S.K.: 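The structure follows.
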2 protein chains.
Amino acid sequence: MASTPNKRTGRRIRSVEIAFTILDAIRANEATSVTELADELGHSKSTIHSHLRTLESQEIIVRQDDGYRLSLQLLDMANDVREQVANYEVIVDEVDKLASETGEIAHFGLEEHGKVAYLYKAMGTQAVETVSRPGGKQPMYSTSLGKAILAFLPADRRREILEHVSFAPKTPKTITDPERFADELDVITDQGYAIDDEENIEGLRCVAAPVKNENTVLGAVSVSGPVSRSTDEVLHGELAESVQRTANVIELNTKFS
Amino acid sequence: MASTPNKRTGRRIRSVEIAFTILDAIRANEATSVTELADELGHSKSTIHSHLRTLESQEIIVRQDDGYRLSLQLLDMANDVREQVANYEVIVDEVDKLASETGEIAHFGLEEHGKVAYLYKAMGTQAVETVSRPGGKQPMYSTSLGKAILAFLPADRRREILEHVSFAPKTPKTITDPERFADELDVITDQGYAIDDEENIEGLRCVAAPVKNENTVLGAVSVSGPVSRSTDEVLHGELAESVQRTANVIELNTKFS
DNA sequence: ATTTTGGTTCCCTTCTGGGGAACAGACTTA
DNA sequence: TAAGTCTGTTCCCCAGAAGGGAACCAAAAT
């Protein structure tokens with residue numbers, strides 16, 4: 001368990017960083033040709049050129065018309081990502097069930113680099129539209145998923161994440177005071193689930209429960225609904241119960257790791 | 001239309017290549033820790049170390065227990081990949097329809113780096129299991145998708161791909177003679193669809209039709225079924241008709257690019 | 001025919017980044 | 001508890017990698 005030394009130390013490799021900057025620009029469609037990329041990123045055309053050639057030979061990008069786009073190999077890598085997460089199939093099944101039971105949006109998310117990343121999302125029949133998508137990231141302090149994970153993470157890991165976090169308000173209701181946030185986590189640890197009361201997106205309330213594994217946390221499950229339907233009673237009542245039950249099932253089905 | 005100069009020329013950036021080698025090893029779970037990677041890839045521990053740090057700071061990989069795994073950011077990139085392909089939603093809808101109409105497996109694939117890459121896959125009710133998955137690659141010469149694409153690609157692009165291909169038999173029925181393959185392409189161009197008669201996987205026959213766009217080909221749609229159900233009559237009859245109809249709908253719905 | 005635009009190549013120079021070796025923790029074994 | 005082993009980390013060195021500038025081309029635009 002060598003999880004402590006996570007500080008941003010050690011040497012970086014410049015050309016690799018440049019390569020990923022280029023990928024990012026292509027991915028966001030900010031620039032797709034040699035000259036555009038050179039202008040956008042402030043590198044010489046020759047530099048961009050050799051990088052593009054390298055990425056192309058690795059089959060990461062592909063020539064299309066007069067520019068480049070990401071190659072489908074990334075879809076393949078995405079498959080591998082899912083396989084590397086313990087028990088992806090079970091998660092899909094259970095989150096689907098949760099969404100159809102509640103009719104709302106259900107998510108599974110896990111902690112990465114101090115943020116919550118969505119692994120899977122299922123829409124219930126009356127689910128509101130959200131912009132979340134698998135792979136997307138949100139702050140931990142303003143989401144039910146993040147808070148549920150934080151509350152049950154081993155103390156040292158939690159401390160480390162909190163040290164690096166800067167509390168920026170996402171809505172007027174976002175908790176930005178570290179003291180108050182610590183209290184909130186205590187409440188969550190006690191009651192076993194976390195609430196997001198329009199702290200991340202206005203008009204949206206969520207409940208989340210952690211999926212634990214031995215002494216750590218694999219991730220969390222949540223349900224999100226519009227304020228109109230999500231009264232305190234519903235949130236703390238049936239929804240809290242549902243997410244906890246789902247989290248439990250996933251826990252039990254997680255054999256190894 | 002600067003598609004001709006595609007030869008493997010130009011300078012590569014060594015450290016970027018190393019970075020992707022490392023990613024590949026992590027992705028395949030061949031090695032996940034510094035020492036393992038160093039041994040596996042024949043680099044010094046310090047080299048691997050700084051690469052891992054770089055990839056981690058780019059949030060491409062993530063520490064897990066005593067090793068590394070791919071981060072969920074790759075799922076996010078996969079979303080972007082799909083968005084960069086013209087008309088992904090239409091393709092999904094139509095391929096789904098095709099699969100449920102025929103009951104078999106339906107695919108959409110496109111050409112990348114001289115191979116066919118699957119973009120999307122839908123399973124009909126009686127579909128046989130195949131190992132294909134989105135992002136996966138297959139040779140062009142042994143698949144119906146690949147042949148359909150090749151047959152309708154502009155002559156210069158086709159020539160260029162064929163120059164770099166080496167015909168390796170995937171099954172006893174794979175066409176490996178360039179002459180015969182050229183004839184096959186002519187037939188396909190005439191009849192408007194391509195057949196794979198157990199040329200890629202034994203026991204599996206497929207039909208595919210190209211999705212054209214202006215003077216080039218976006219990709220192709222296919223249906224695959226077991227030999228038992230896929231008689232010549234069925235293949236050349238209703239299935240050929242179905243894939244062509246689907247391809248047509250997708251074509252018509254492709255506004256720009 | 002001339003200009004412009006974007007991609008490619010070449011060369012030069014710097015400083016990056018790969019490797020070796022030493023170091024430091026964590027865990028094992030005696 | 002001490003010696004031994006196995007990681008990951010840091011430090012340093014110097015060969016050569018890689019970024020940049022400029023020239024060079026090809027194609028498109030005027």
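Values below: every heavy atom of this structure, side chains too, minus hydrogens, waters and symmetry copies. Predicted, not measured: the structure shown is a model, and the values here were computed from it. All chains are named by letter (A, B, ...) in the order of the sequence lines, taking the proteins before the strands, and each is independently numbered beginning at 1.
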S.K.: Who are the side-chain hydrogen bond (donor to acceptor under 3.5 Å, both in side chains) partners of R180(B), not counting sequence neighbours?
M.R.: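 Not a single residue meets the side-chain hydrogen bond (donor to acceptor under 3.5 Å, both in side chains) criterion with R180(B).
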
S.K.: For the residue pair S71(B) and I61(B), establish whether any side-chain heavy-atom pair is separated by less than 4.5 Å.
M.R.: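 Not in contact.
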
S.K.: What integer distance in Å separates D39(B):CG from dG19(C):C1'?
M.R.: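 Spelled out: CG on D39(B) to C1' on dG19(C) is 15 Å.
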
S.K.: Checking side-chain contact (heavy atoms from CB on, under 4.5 Å) against T143(B), which of I149(B), L150(B), N200(B) comes through?
M.R.: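 The residue from I149(B), L150(B), N200(B) that satisfies side-chain contact (heavy atoms from CB on, under 4.5 Å) with T143(B) turns out to be N200(B).
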
S.K.: Show me the donor-acceptor pairs within less than 3.5 Å that the side chains of residues 36-47 of chain A make with the rest of the protein, sequence neighbours left out.
M.R.:
unit_1, atom_1, unit_2, atom_2, d
E36(A), OE1, T32(A), N, 3.0
S44(A), OG, S46(A), OG, 3.1
S44(A), OG, T47(A), N, 3.2
S44(A), OG, T47(A), OG1, 2.9

S.K.: Does E17(A) have any salt bridge (charged side-chain N to carboxylate O under 4.0 Å, His left out) partners at least two apart in sequence or in another chain, and if so, which?
M.R.: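 For E17(A), no residue satisfies salt bridge (charged side-chain N to carboxylate O under 4.0 Å, His left out) once neighbours in sequence are set aside.
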
S.K.: Distance check needed: dT16(C) P versus R53(B) CZ, whole Å only.
M.R.: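 Going from R53(B) (CZ) to dT16(C) (P), I get 19 Å.
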
S.K.: My understanding is that only residues two or more places apart in sequence, or in another chain, count here; which of them pass side-chain hydrogen bond (donor to acceptor under 3.5 Å, both in side chains) with S15(B)?
M.R.: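 S15(B) satisfies side-chain hydrogen bond (donor to acceptor under 3.5 Å, both in side chains) with S15(A) once adjacent residues are dropped.
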
S.K.: Within this structure, what is the CD-to-P distance between E36(B) and dC6(D), rounded to whole angstrom?
M.R.: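 It works out to 14 Å between those atoms.
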
S.K.: Only counting residues at least two apart or in another chain, list the ones meeting salt bridge (charged side-chain N to carboxylate O under 4.0 Å, His left out) with R133(A).
M.R.: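 Testing R133(A) for salt bridge (charged side-chain N to carboxylate O under 4.0 Å, His left out), a comparison that skips the adjacent residues, returns D76(B), D80(B), E83(B).
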
S.K.: To the nearest angstrom, how far is L52(A) atom CG from dG6(C) atom P?
M.R.: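 Taking CG of L52(A) and P of dG6(C), I get 15 Å after rounding.
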
S.K.: Of all residues at least two apart in sequence or in a different chain, which pass the side-chain hydrogen bond (donor to acceptor under 3.5 Å, both in side chains) check with K170(A)?
M.R.: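 Scan of K170(A) (side-chain hydrogen bond (donor to acceptor under 3.5 Å, both in side chains), adjacent residues dropped) gives Q138(A).
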
S.K.: Could you run down nucleotides 15-20 of chain D 5' to 3' and tag each one B, S or - for protein heavy-atom contact under 4.0 Å?
M.R.: ---BBB

S.K.: Let me know the distance between CD1 of I48(B) and C1' of dG19(C), rounded to the nearest Å.
M.R.: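 Computing the I48(B):CD1 to dG19(C):C1' distance gives 12 Å.
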
S.K.: Take the C1' atoms of the five end pairs on each side of the helix from dA1(C)-dT30(D) to dA30(C)-dT1(D), derive the two axes, and give their angle rounded to 10 degrees.
M.R.: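 The end axes of the helix from dA1(C)-dT30(D) to dA30(C)-dT1(D) are about 40° apart, to the nearest 10°.
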
S.K.: For Y68(B), which residues count as a ring-ring contact (aromatic ring centres under 6.0 Å, His included) partner, sequence neighbours excluded?
M.R.: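 Partners of Y68(B) by the ring-ring contact (aromatic ring centres under 6.0 Å, His included) criterion come out as none, since no residue qualifies.
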
S.K.: Rounded to whole angstrom units, what separation is found between the NE2 atom of H49(A) and the P atom of dT8(C)?
M.R.: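 Rounded to whole Å, this separation is 4 Å.
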
S.K.: Please list residues of residues 23-31 of chain A whose heavy atoms come under 4.0 Å from any atom in DNA chain D, ordered by number; otherwise none.
M.R.: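 Nothing qualifies; none.
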
S.K.: Just how far, in rounded Å, is C1' of dG6(C) from CZ of R63(A)?
M.R.: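 To the nearest whole Å, that distance equals 12 Å.
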
S.K.: Residues in side-chain hydrogen bond (donor to acceptor under 3.5 Å, both in side chains) with Y193(B), at least two apart?
M.R.: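 Once residues adjacent in sequence are excluded, the partners of Y193(B) under the side-chain hydrogen bond (donor to acceptor under 3.5 Å, both in side chains) criterion are H236(B).
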
S.K.: Which pairs, with at least one residue in residues 133-160 of chain B and sequence neighbours excluded, count as a ring pair (Phe, Tyr, Trp, His ring centres under 6.0 Å)?
M.R.: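 Qualifying pairs: Y141(B)-F167(B).
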
S.K.: In whole angstroms, how far is the C1' atom of dG17(C) from the CD atom of E17(A)?
M.R.: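 Atom CD in E17(A) sits about 12 Å away from atom C1' in dG17(C).
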
